[in-house]
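I have placed the structure first, in the form of C-alpha cells, so that the comments after it can refer back to it.
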Amino acid sequence: RPKEGSSTMPSADAGPRGATASAISVPAAHILRILQRASREVRDLDLGRSVDRVASRDLSPLRFATEYVQRNKPVVITDAINGWPALRLWGERYLESHPAGEVVVTVDVTPNGRGDAITTVADNAAGRLQEWFVTPHERRMTLKEFFGLMRKSRGTDKSASKGRAPREVPYMQHQNSNLSGELGLLLDDIGPGLPWAEEVFGGPPEAMNIWIGDERSATSFHKDHYENLYAVIRGTKVFSLLPPCDAYRMYLTRCPAASYMPRRDVLRGAVYGEVSPQPGVNPTPRAAIGASAVAVAGGGGDGEATDDTAGADDVARAEAEEEAGNPSELVAVLRDPGYEVLWSAVDTTVQDPKTRQAQPLFFGLEGGGLTSPAEPGVRSDGGDSGGLASPNDNSSDYADTALRRGLGSDSGQEIVDTAGGVDVDRSCSTGGCSDPWDTAGGAPLVVEVGPGEVLYLPSLWYHQVEQYTAAKRAPSSRPGGNRAAAPDTAAATTRPGAAGGTAADNVQGQQPQAQKTKQAEEEEYVMAVNFWYDMKYDGRYSAFKLVEGLAMAMGLADKPPAQEAGGHGHS
C-alpha cells in the first residue's frame, strides 16, 4: 500500500494477463486525468452549462421522473407553487400575528452568518490560528421573538458605535423537519404541497423544513443523502452546484468539531477560540490575560477594600473584562476531544485570490499556472511557476506536488496553452483551455431561484447556498458565470410573495390600501421551504463512493474520522 500522497496506486486485482496485484500500479495523476475528463464529459453530454428551467404546466410527473430524477439532473420548475397561500401571505407581520407567532422554535445564531462550516479560529491558549468545523449556537424562542432578534441584529450591523453589542446573525435553518415539527400551524399555507413530486417519489416527504433569513447568511458546500426540492416564497436563493462525479474537487478536510456559544457560558477548562465577524477574515489572537488581571477579575483577596483600592480594582476589572472579551460574544468551543468532521473547505463567497490559487482542483488555473515544457520553471504567462519543477522532469516530487495542486502530471503530458489554460488530458475543446474552469473539469452550475419557483436538487450533489432579499441584488457574476437567473427581483415585488400584512388582513387574500402602504416599511426576508425524499442507494451511489474513495486514496481528500468510517458521514 503506498504512503499517503504517493504518485502511484497498486491495483486491487490481478491484471488481465494474470499479473499479481503487487506488480501493477496506476499513476495517481493518471487517475486524476480520468476523473477530470469525466467531469467535462458529463457537462458536455448531459448537464450543459446551466440548469434547465421548465414551466410547471410543461412538466408532467412522467417527464420529471425520466428527464431529471432518473438522470440525477437538477431543474428549476417555474410557477410551481402558485396555489400556495404562503406565496401571497407570508411576511414578517403576517407570521408575527399568526397563532404560529407564539410557538417556540429553534433558531441558529452565528457571529458571521456561517454555521456548519470550516472556520478559522484564533486559539488563544495555543497562540495560533486553527481550522475548526463550527456549528451554530441554538436558541429557543417564539417565532415572534425571532423576528425581533432579526431586527435587533440588523440594527447592530448598521451601528457605528464603538461599544456596540457583539455581532449576531440569526437564521431559521434548524431542519429535522422543523416546519412540520415546530410550525405545523403553517402547513395549511403551503397546501396542496407538491403532489407531482409525491407521485414520482412514491409518497410524502420524509421531512419539511422552513428557512427564514437574509443575505448575511450562507450555507457552505455540502451534499445530502436526500432528494431535495427547494420552494422559494420570498427573496432569492442562489445555488452553486457540482455533480457527484466532482467529489474529488471538494477539498474534503477533517477538522475538530466545535459549536458557538456565548463566552459567559464556556465551562472552565473548555478549549475555545474567537472568530472574525466577517466571513473569510482571519481573527486576531487575543493576548493572554496577565495573572494580576485574572486575580482581579476573579475577585479580591481577604479584608475590605478602601475607596482608593476599590477604585483601582474597578479599573483593573474593567481592563480585564475588555482583555477577556465581551461575555455575550459568541466564541467557538471544541466538542469532545478527538471528535472530528469531514467537510468541504471550498467557499466561493470569499473573494480571496490566494485561497483560490491554493485550490486549483476546484477553481482551475488562472493564466495557466503550470510550468511550460519548453521553459522549465517559467509559466506560460511569464510568471513564477510556484516552485514546480519542469513537467519534463519525471521525478516523483513533481508528480506529488502537481497532484496536490490538482494538475495531474506524471510524464510531462500536460499541454500548456499560451492563451492561458492547461489541458491536463488533451480533452479540452479545440483551441485550448482559455477558461480556467476547464483545467479543473468544469465550472459549477450557478442558478437563482426566485419566488414561486422550485429547485429539484438531486441527492449527492455538492451545493453552496447564498440568498438575497428583495431589497438586495445578487452579485452580477459568481465563479463559473453559468448563471441561470430567476426573474428580476424588482419585478418580483409585484409577484406573489411580495405581500405580507397581518393574518387577519389576509384571510381572504384582500389587502386594504393602508395595509399595502405599511408593507413598504416591513422588513424583508428570504423565506423558503424544502422537502426531503429518501434517496435510492443504487449504482449512482456506488459510482459516487468510488470517486470519493479515489480522491482519498490519492491524498486529494482527507479520510473520514473514526466515528464516520462506517457510515455516510456528516452531510
Side-chain angles (χ1 to χ4, degrees), residues 1-2 4-6 8-13 21 24-43 45-47 68-74 116 118 133 201 206 220-228 240-255 340-346 359 361-362 403-404 406 408 440-442 444-445 456-464 532-571:
R1 182 182 182 87
E4 185 174 348
S6 171
T8 61
M9 293 177 57
S11 170
D13 302 305
I24 297 177
S25 63
V26 179
H30 179 65
I31 297 174
L32 176 59
R33 289 201 297 272
I34 294 173
L35 293 173
Q36 289 175 322
R37 182 185 299 119
S39 293
R40 282 190 283 269
E41 287 180 346
V42 77
R43 287 165 171 80
L45 301 177
D46 186 24
L47 298 177
Y68 297 101
V69 177
Q70 292 179 10
R71 291 167 62 181
N72 202 235
K73 182 177 179 178
D116 296 320
I118 294 178
F133 175 82
F201 293 117
E206 297 298 317
S220 63
F221 269 112
H222 67 288
K223 68 182 187 302
D224 292 317
H225 291 84
Y226 295 98
E227 303 284 356
N228 263 303
S240 297
L241 311 175
L242 285 99
C245 64
D246 282 18
Y248 67 94
R249 301 174 57 186
M250 299 312 301
Y251 289 90
L252 298 178
T253 304
R254 197 170 63 234
C255 293
E340 296 178 311
V341 170
L342 189 67
W343 205 258
S344 174
V346 176
Q359 296 179 336
L361 277 174
F362 185 90
L403 183 62
R404 283 289 184 176
L445 302 181
Y456 164 59
L457 178 60
S459 58
L460 303 177
W461 274 66
Y462 273 95
H463 54 288
Q464 173 186 273
W532 284 350
Y533 297 86
D534 276 346
M535 64 170 281
K536 296 185 182 300
Y537 291 87
D538 52 17
R540 289 174 295 185
Y541 178 71
S542 298
F544 167 78
K545 295 301 291 184
L546 174 62
V547 173
E548 190 176 63
L550 288 172
M552 292 176 183
M554 291 187 292
L556 301 177
D558 288 345
K559 292 179 172 59
Q563 74 272 9
E564 296 181 4
H568 302 150
H570 195 320
S571 63

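Scope of the values below: all heavy atoms of this structure, side chains included, with no hydrogens, waters or symmetry mates.
A 4.5 Å side-chain heavy-atom check between P458 and E227 finds at least one atom pair inside the cut-off. Counting heavy atoms from C-beta outward, K223 and S344 have side chains that stay 4.5 Å or more apart. At a threshold of 4.5 Å between non-hydrogen side-chain atoms, the residues D116 and H222 do not count as touching. Within the 4.5 Å cutoff, no side-chain heavy atoms of K536 are placed close to those of Y541. Inter-residue side-chain proximity for L342 and F133 is flagged as unmet; no heavy-atom pair is nearer than 4.5 Å. Looking only at side-chain heavy atoms (C-beta outward), W343 and L252 stay at 4.5 Å or farther from each other. Counting heavy atoms from C-beta on, the side chains of P444 and Y462 never come closer than 4.5 Å. Considering only heavy atoms from C-beta on, H463 comes within 4.5 Å of D224 through its side chain.
Residues T253 and A345 share a closest heavy-atom pair of OG1-CB, 3.7 Å. The nearest pair of heavy atoms linking D246 to S39 is OD1-OG, 2.6 Å. Pairing each heavy atom of A440 with each of Y248, the nearest pair is O-OH, 3.6 Å. For the residue pair V346 and Y251, the shortest heavy atom distance occurs at CG2-CD1, 3.9 Å. Shown here for L242 and R43, the closest heavy-atom pair between the two residues is CD2-NH2, 4.2 Å. Contact record, P244 with L460: CG-O, 3.6 Å, taken as the closest heavy-atom pair.
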| field | Pair D558-E340, side-chain contact (heavy atoms from CB on, under 4.5 Å): steps then yes or no | value | CA-CA 11 Å; D558 288 345; E340 296 178 311; over 6 Å; no
| message | Under the criterion side-chain contact (heavy atoms from CB on, under 4.5 Å), I'd like the reasoning laid out for L32 against L361: C-alpha separation, chi angles, the key distance, then a yes or no. | response | CA-CA 10 Å; L32 176 59; L361 277 174; 3.8 Å; yes
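Taking the six-membered ring where the residue is Trp, F201 and Y456 present tilted rings, their angle falling between 30° and 60°. Below 30°, between 30° and 60°, or above 60°: for Y537 and H225 the angle between ring planes is below 30°, a parallel geometry.
A distance of 7.5 Å separates CG in L47 from SG in C245, rounded to the nearest 0.5 Å. With values rounded to the nearest 0.5 angstrom, I31 atom CD1 is found 12.5 Å from Q36 atom CD. Here OH of Y68 is found 5.5 Å from NZ of K73. Values are rounded to the nearest 0.5 Å. If you take CE on M250 and CD on Q464, they are separated by 8.5 Å, rounding to the nearest 0.5 Å.
When atom types are taken as modelled, the side chain of R540 and the backbone of S459 share no donor-acceptor pair closer than 3.5 angstrom.
In this view, F544 satisfies the ring-ring contact (aromatic ring centres under 6.0 Å, His included) rule with no residue, not counting sequence neighbours.
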